[in-house]
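What follows is a set of notes on a single structure, which appears directly below.
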Amino acid sequence: MGVAIHIRGSTTMQAMAGLVAQTYMADQPGHLVSVNGGGTMRGFEGVLNGTAHLGMVSGPISESLEKTRLRLGASLALFAIDYDAMIVAVHPSNPIKAFNFKQLAAIFSGRMRNWKELGGADAQIKCLIGAPSDGLTSAFGQVILKEEIGFTARADVLALPERIRSLARDPFAIGFVSQDARTNAIKPLSIEGVAATEESIRRREYPLLLSLSLVSNGSPPPSLRNFIDYYVRQVKIQKLSADKRVLPT
Amino acid sequence: MKVAAVASTLVIAGASGVSSLSKLPYWRRKKIQLLIAGSGTMLQLNTALVRAYEQQYGDTDVVLEAGGSTVGLIALKSGAIDVAAVSKEIVEVENDTFVRDYLIAKDGVVFAAHQSRELHSLTRTQIKALLSGEITNWKQLGGADGMIRLLSRKRGSAVRRFIELEVVKDLELGTEFEEFNSANEMIQALASDPLAIAYFAMNELDQNQQKSLHIVSIDQIAPTNSSLLSGRYPYTQSLYHVMTLDSAPSAHNFIHFVISPLGQRIITQQNFIAVY
């Protein structure tokens with residue numbers, strides 16, 4: 001009887017997971033790996049409620065799911081796979097080129113509301129964020145809004161593709177996207193003096209890195225452990241090869 | 001087992017199920033009741049699963065209704081039903097009711113061209129342009145000059161709904177297509193017209209048809225068991241049976257049955273992709 005592994009969670013990790021799954025099934029006939037999205041919190045929830053063997057997570061567990069975890073007495077094992085980056089972007093016409101963490105905190109918490117406070121036009125800052133289930137949003141909040149109550153209530157909650165479209169259209173919008181998904185239609189900002197480039201990310205100099213991990217409920221059994229090791233190896237192989245891991249959108 | 005047709009209005013399965021059961025004399029009422037409702041796409045599959053389940057568990061009476069995935073989830077969370085059949089990803093995470101969504105099968109929507117056409121793959125962008133009416137001629141897709149005859153399904157069909165929600169998405173479906181009632185009708189029309197292109201849900205095609213039709217890859221990815229399971233094939237649909245932590249033992253039993261080898265065999269027999 002073959003092994004069946006159900007993985008779900010972060011959409012940032014979905015493409016890579018799909019590649020690994022397909023390669024694994026070709027290498028191991030009779031084994032089956034199913035990959036689904038739904039966002040990082042679906043990943044955590046899936047392993048907590050027993051509907052997934054592995055979660056793909058690109059951000060920290062939410063407060064409410066952490067409460068659930070404690071209530072269940074479950075322990076989660078995290079396996080670091082790769083990292084992406086949180087790119088802060090604005091419309092190409094925006095004269096702003098760089099921010100530090102303090103400024104990002106002021107903007108995304110809503111304390112700073114008008115571009116003129118930053119030397120720009122007299123216009124409301126439109127913050128774009130993802131849903132609570134989104135790992136990228138959770139991770140960004142964890143780093144930037146440490147001292148704040150949370151994201152501003154004035155923010156627009158949009159899925160990643162919609163955020164990118166809005167940033168390309170709205171001269172007063174600001175949002176964060178994954179390096180994987182970014183396009184030339186939006187302008188990335190330097191953060192803490194470091195430009196958001198392939199190289200600065202590869203060298204881990206860029207300060208807003210996004211950790212991509214697999215999570216299991218408790219210590220994984222041998223068959224699952226084998227798969228996780230396979231996954232880690234495959235990611236290294238993919239990164240070394242000339243083809244980028246980003247699949248067509 | 002009672003099967004109701006797809007409801008056009010909000011139907012809470014529990015209410016109608018209980019009232020029809022209470023008309024039976026008491027000695028004919030089974031001991032255990034199981035209420036399943038939700039996705040119309042999954043109705044045929046669920047019918048086959050429920051039939052096999054009732055044979056195995058003779059003491060369970062199952063009421064199966066449609067109404068849609070969203071309606072099913074609402075009914076589940078309000079406690080009106082035991083299992084919701086859901087054919088979309090549940091993205092919202094609600095922790096007051098801890099839902100357990102078990103993946104039970106996968107399916108895909110595929111595009112097929114005439115046997116004679118030299119067409120290996122289309123991009124998602126091309127498919128969207130084709131369906132929205134932006135692309136109307138085969139020469140826009142690298143072929144010889146000829147008007148594309150797009151074969152579509154009548155409004156209300158599950159596969160057409162998937163096309164509108166997941167394939168065309170933010171665009172509007174175009175108006176230049178012929179509507180058919182069934183996959184078989186489309187296969188016949190496709191076979192006789194080199195200018196035609198049609199879409200099908202994979203579960204509508206038996207093994208022979210899947211082999212003999214000229215199914216096109218999307219973004220260079222062919223629809224196979226592996227590409228659907230991994231999610232690499234873009235038009236993959238995931239099917240779930242959902243219960244809550246408070247669900248009755250019969251709900252646990254039913255889902256356990258569905259993910260067992262016997263349940264998964266039925267899923268394969270119905271031409272869906274097994275996930276265990």
Side-chain angles (χ1 to χ4, degrees), chain A residues 1-9 11 14-26 29 31-46 48-53 56 61-69 71-72 130-134 159 161-162 165 247-249, chain B residues 86 88-106 121-128 169-170 217-222 224-234 236-245 247 252 255-256 259-261 264 268 273-276:
Chain A
M1 215 22 251
V3 166
I5 298 173
H6 289 195
I7 311 177
R8 56 170 96 170
T11 50
Q14 223 177 322
M16 178 52 121
L19 266 174
V20 175
Q22 197 150 1
T23 319
Y24 184 81
M25 284 187 276
H31 289 215
L32 184 156
V33 181
S34 165
V35 180
N36 281 83
T40 286
M41 295 317 151
R42 296 299 304 146
F44 281 117
E45 193 180 36
L48 284 174
N49 71 13
T51 55
H53 302 97
M56 298 179 287
I61 193 169
S62 68
E63 261 187 59
S64 55
L65 281 174
E66 172 66 6
K67 283 201 187 87
T68 302
R69 183 190 74 77
R71 189 166 39 82
L72 294 171
S133 56
D134 176 42
E162 278 80 51
R165 268 199 288 272
L247 290 178
T249 42
Chain B
V86 177
K88 60 176 177 120
E89 302 290 344
I90 306 173
V91 175
E92 316 87 47
V93 175
E94 270 160 286
N95 291 292
D96 49 346
T97 317
F98 205 19
V99 293
R100 283 189 182 170
D101 51 341
Y102 290 91
L103 180 73
I104 58 128
K106 282 195 169 178
S121 177
L122 288 170
T123 66
R124 266 179 282 175
T125 310
Q126 284 172 322
I127 293 282
K128 278 173 85 158
K169 269 199 276 221
D170 42 302
S217 291
I218 307 293
D219 289 338
Q220 304 294 332
I221 299 169
T224 62
N225 274 26
S226 177
S227 72
L228 264 72
L229 283 167
S230 66
R232 291 196 67 217
Y233 181 72
T236 300
Q237 188 169 29
S238 296
L239 307 180
Y240 298 90
H241 280 162
V242 190
M243 62 178 200
T244 67
L245 280 185
S247 282
H252 288 250
I255 292 179
H256 198 78
I259 68 180
S260 74
Q264 293 290 301
T268 308
I273 311 281
V275 292
Y276 281 92

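Given the structure is predicted, the values throughout are model-derived calculations rather than measurements. Chain naming here is simple, since letters A, B, ... match the order of the sequence lines and numbering starts at 1 in each.
- If you measure heavy-atom distances from B:Ser227 to chain A, the contacts under 4.5 Å come from both the backbone and the side chain.
- Rounded to the nearest 0.5 Å, atoms CG (B:Leu229) and NE2 (A:His6) are 8.0 Å apart.
- Residue B:His256 qualifies as open at atom NE2: its count of foreign heavy atoms under 6.0 Å is 12 or below.
- Between A:Gly50 and B:Tyr102, the closest heavy-atom pair is O-CE2, 3.9 Å.
- Taking CD1 of B:Ile90 as the start and CD of A:Glu45 as the end, the distance is 8.5 Å to the nearest 0.5 Å.
- Here CD of B:Glu89 is found 7.0 Å from CZ of A:Arg8. Values are rounded to the nearest 0.5 Å.
- The number of heavy atoms from other shown groups lying within 6.0 Å of CD (A:Glu63) does not exceed 12.
- Separation of atoms CZ (B:Arg100) and OG1 (A:Thr51) is listed at 8.5 Å; rounding is to 0.5 Å.
- Here the CG-CG distance, from A:Leu32 to B:Asn225, works out to 8.0 Å after rounding to the nearest 0.5 Å.
- Considering all non-hydrogen atoms of both residues, A:Gln22 and B:Ser226 come closest at CG-OG, 3.1 Å.
- Looking at A:Val33 and B:Ser230, their side chains never come closer than 4.5 Å, going by heavy atoms from C-beta outward.
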Please test B:Tyr240 against A:Asn36 for side-chain hydrogen bond (donor to acceptor under 3.5 Å, both in side chains), starting from the C-alpha separation and ending with a verdict. CA-CA 12 Å; B:Tyr240 298 90; A:Asn36 281 83; 3.1 Å; yes
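- In this structure A:Tyr24 satisfies the ring pair (Phe, Tyr, Trp, His ring centres under 6.0 Å) test together with A:His31, A:Phe227, A:Tyr230, sequence neighbours excluded.
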